Each structure stands twice: as C-alpha cells, then as structure tokens.
Peer 1: 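Below you will find the structure I want to go over with you.
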Amino acid sequence: MKILVLNCGSSSLKYQLIDMETETVITKGTYERIGMNNSFITIKQDEEKIRIEHPVKNHEKALKFVFEDILMGEKYGKINSLSEIDAIGHRIVHGGEKFSKAAIVTDEVIENIREVIPLAPLHNPAALLGIEACKSVVPNMPMVVVFDTAFHQTMPKESYMYPLPYDFYEKYKVRKYGFHGTSHRYVSQRVADILGKDIKDLKIITCHLGQGASICAIKDGKSVNTSMGLTPLGGIGMCARSGDLDPSVVTYLMENLKISSKEINDILNKQSGVLGISGVSADFRDVEAAKDEGNERAILAINMHNRIVAEYIARYMVSLQGLDVIVFTAGIGENQIRIRKGICDELKFLGVEIDDEKNNTRGEEIEISTQNSKIKVFVIPTDEEIMIARDTMNLIKK
Ligand code: AMP
C-alpha cells in the first residue's frame with residue numbers, strides 16, 4: 001500500500017509518498033512560491049536533491065505537475081499509474097472541538113474545517129486549497145485529514161479552559177486547543193516502544209522544540225496538558241514568537257504605540273522570542289554562536305528559553321502527578337546539544353542527570369540520561385508524516 005501525505009501552506013505544497021509495507025519514503029518534495037512567477041519544486045529521492053523551476057498559478061496546477069511530471073513522469077517517476085496510490089492524507093492544523101481523531105474527507109468534514117478558519121486564518125485555508133486541488137486533479141482518490149489539534153482533545157477541562165467569562169468559551173470557542181499533536185503522539189508512542197512498555201504505564205513529557213515549540217504532558221497515552229493555546233502563539237517563547245505574556249502587555253503596546261491588532265500580531269509572531277531578545281537571529285545556531293562570542297543578549301535569550309522549558313516540565317509534573325520520561329524532538333530538540341543540556345541542568349534538583357557523551361549527538365534516536373537519572377531523557381526525531389500515513393491507512397482499510 002502507498003499513501004501520499006500532503007502538507008499545504010498558503011504558497012507551498014509538501015508531499016511524501018510512503019510505502020506502508022516498509023514504512024519508508026519513496027520520494028518527497030516541496031513546491032514553493034506557488035502563485036508567484038518564480039515558483040519551483042525541490043525533490044528528494046534516491047539520495048539526490050533536484051530543483052526544478054516551474055512557475056504555477058495555484059495549488060491545483062502545482063499538484064497536477066507533481067502527479068503528472070514528477071510522480072508519474074518519465075525522468076523522476078516512481079509510479080506508473082494513479083491506481084498505485086491508495087489514498088492521500090492531509091495535514092490540517094486546526095480541527096477545533098469537532099475532531100479528536102483523523103477523519104475521511106466528506107463535504108461535511110470540509111465544512112467543519114472551514115468553520116474553524118477564524119481560529120487558524122493562515123493555516124486552514126491553505127489546507128483546504130490542497131483538498132480542493134486533489135478533488136480536481138485526482139477526483140476518485142480517497143482522502144483523510146489528520147489534525148494537529150486532535151491529540152489534545154483529551155485534555156481535561158481544567159487544563160483547556162481560560163479563566164475568562166464562560167460565555168467566550170460557549171459562544172466563540174475561546175479555549176486552549178494545543179498543536180503539534182501528531183508529533184507529540186508519534187514521539188510518545190515511540191519512546192514507549194523503545195522502553196518496551198505499554199504507553200499507559202508511562203508518564204511522559206514531550207518537548208517539541210522547533211520554529212514553533214510546545215510541551216505536552218501525556219498520561220495513559222493521552223494528552224492531559226499542553227503549552228500552546230487558542231493559537232500556536234501561546235506557551236513557551238519560541239524562535240520568533242513571544243509565547244505567553246501578561247495579557248496587558250498587548251493592550252499597553254497597542255494603546256501606547258498606536259498600533260493595530262495586525263501590527264501587534266506581527267510583533268508577537270515574527271519579532272519576539274529568541275530573535276526579539278537576542279536581536280541576532282531566529283535560528284538557535286546563530287544565537288549560540290553569538291553567545292560564544294559573549295553577546296549578553298544572546299546569553300539572556302538562551303537562558304530565558306531553557307528556564308521556561310524547564311519550568312513547564314516541572315509544572316506538568318503536577319498534571320501528571322509524577323514523571324518517568326522527558327523526550328526532546330524537532331529541529332532544536334533533535335539537534336541542539338547545549339540547549340538540551342541547559343534545560344536538563346535546570347532540572348537537576350529533580351534527579352535529572354544527562355550523560356554528556358550520549359547527549360553529544362544530532363538527529364538520532366537515543367537515551368541521553370545516565371543510569372542514575374531519576375527521570376529518563378530521550379531524543380526522538382519526530383515523524384509527523386508517518387503518523388499521517390498510518391492514520392490514513394487505518395481509516396481507509398475500515
Ligand atoms: P524546525 O522548525 O523543527 O525545523 O526547527 C528549526 C530550528 O531547529 C532552527 O531554528 C535551528 O535552530 C534548529 N536546527 C535545525 N537543524 C539544526 C541542526 N542541524 N543543527 C542545529 N540546529 C538545528
């Protein structure tokens with residue numbers, strides 16, 4: 001069985017064709033700058049990276065090119081006919097309260113995704129473009145949607161409610177949803193498998209630290225708390241996002257700088273976090289380099305980051321009433337050795353102990369805690385695409 005996984009942004013389309021017997025990627029690629037006159041696609045297959053300039057007007061044209069000229073094309077083709085692909089799995093950022101698991105695409109499901117556009121104005125319309133493009137280019141292909149929010153729908157009400165007038169929840173669905181659910185689900189299941197334990201017997205905290213970052217507390221295999229909120233801006237400070245603030249900061253800045261909600265949103269999403277504090281970059285590699293040169297704001301940005309992650313871990317031990325395993329994943333979690341060390345050092349008082357030699361690794365599945373550590377610590381590279389492909393396969397098999 002072969003599943004095509006699609007992840008659409010407003011001007012991008014990422015795909016992976018996955019062989020489900022071996023759970024391996026046959027080919028993958030990214031179309032960028034869709035709708036602009038310099039669109040191009042980068043394909044990764046057979047250990048080769050190929051870039052093709054091919055301007056396209058919209059997602060439908062991009063998808064048509066991917067199917068006809070890449071997947072089934074003469075030069076780069078990996079399949080002979082469309083019938084070799086069993087289904088398409090779409091990544092959807094926001095499923096609101098309607099979806100606690102993946103769903104087969106129907107008109108009603110599309111309508112439900114449309115209804116939560118106000119909660120994910122950048123992401124959900126792009127995903128719908130991808131679904132519509134598939135309906136037009138491969139009309140008979142079964143499709144499944146997998147939501148970033150779905151895994152967190154198991155949070156208890158005391159975790160997901162904000163202390164606001166209750167009406168705002170009932171009328172406008174203002175609550176914590178949480179994101180990166182597919183990643184938190186993958187790495188928590190994977191760590192249970194590595195430990196040879198039933199996930200229901202583990203209390204796990206997963207730290208998805210990438211451009212966007214969130215922490216998740218997992219008990220009985222279910223999310224019981226997570227740091228992102230109504231939108232992916234909440235929780236810990238990130239590469240360029242502020243994370244949680246005293247809400248008065250927002251109104252104070254708007255009033256005093258006379259800026260609009262769009263402008264403050266831009267500041268909080270694109271000019272804050274580690275970039276805002278350090279003034280150096282949104283990439284931790286650059287900020288670490290500046291730290292090594294003694295740049296005080298870079299040092300502060302990294303110390304603030306490590307402190308808040310450690311504080312969230314300690315806080316979620318309350319949600320879990322204990323803790324067995326911490327998992328680091330995503331770009332920073334998988335690759336930034338000193339960030340992992342910095343966070344774990346803040347947790348030494350809980351008996352967390354890192355083996356520096358084991359921690360000296362990038363992008364590898366490994367336990368990095370010492371034998372004596374009271375809480376195990378792992379690095380697990382995330383794989384959201386395989387989870388989307390598995391969910392898709394399981395649903396269409398039914
Ligand atoms: P993500 O959004 O998961 O792709 O994470 C992006 C962030 O991960 C970047 O800002 C980098 O700070 C970090 N990162 C990604 N790859 C590496 C690497 N090979 N070495 C060190 N840091 C990395």
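Keep in mind that what you see is a predicted model, and the values were worked out from it rather than measured. Both ligands and their constituent atoms are indexed starting at 1 by order of listing.
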Peer 1: Using heavy atoms and a threshold below 4.0 Å, how should the contact between Gln336 and ligand 1 be classified: side chain, backbone, both, or neither?
Peer 2: side chain
Peer 1: Taking salt bridge (charged side-chain N to carboxylate O under 4.0 Å, His left out) as the test, write out the residues that go with Asp292, two or more places apart.
Peer 2: Arg338
Peer 1: If the plane angle is over 60° it's perpendicular, under 30° parallel, otherwise tilted; pick one for His208 and His180.
Peer 2: parallel
Peer 1: Return the residue, atom name and 0.1 Å-rounded distance of the protein heavy atom closest to atom 3 (O) of ligand 1.
Peer 2: Gly331 N, 2.9 Å
Peer 1: Which residue and atom name correspond to the protein heavy atom nearest atom 7 (C) of ligand 1, and how close is it?
Peer 2: Ile332 CG1, 3.8 Å
Peer 1: Does any non-hydrogen side-chain atom of Thr206 lie less than 4.5 Å from one of Cys216?
Peer 2: yes
Peer 1: What protein heavy atom lies closest to atom 16 (N) of ligand 1? Include the residue and the distance to one decimal.
Peer 2: Asn335 ND2, 3.4 Å
Peer 1: When you measure from atom 2 (O) of ligand 1 to every protein heavy atom, which one gives the shortest distance, and what is it?
Peer 2: Gln211 N, 2.9 Å
Peer 1: Do me a favour and list the nearest non-hydrogen protein atom to atom 11 (C) of ligand 1 with residue, atom name and distance?
Peer 2: Asp283 OD1, 3.3 Å
Peer 1: Before we go on, tell me: are the rings of His94 and Phe179 under 6.0 Å apart, centre to centre?
Peer 2: yes
Peer 1: Rounded to the nearest 0.5 Å, what separates atom CD in Glu84 from atom CD1 in Ile26?
Peer 2: 8.5 Å
Peer 1: Mark up the atoms of ligand 1 that fall under 4.0 Å of a heavy atom belonging to Ala330, in ascending order.
Peer 2: 3 (O)
Peer 1: Using a strict 4.0 Å cut-off to heavy atoms of Gly210, name the atoms of ligand 1 that fall inside it.
Peer 2: 1 (P), 2 (O), 3 (O), 5 (O)
Peer 1: Just so I know, are the side chains of Tyr169 and Lys157 near enough to count as touching, which here means a heavy-atom distance under 4.5 Å?
Peer 2: yes
Peer 1: Is there side-chain contact between Asn394 and Lys398, with at least one heavy-atom pair below 4.5 Å?
Peer 2: no
Peer 1: Under 3.5 Å between any N/O of Leu209 and any N/O of ligand 1: does that happen in this structure?
Peer 2: no
Peer 1: Is there a nitrogen or oxygen of Phe284 sitting under 3.5 Å from a nitrogen or oxygen of ligand 1?
Peer 2: yes
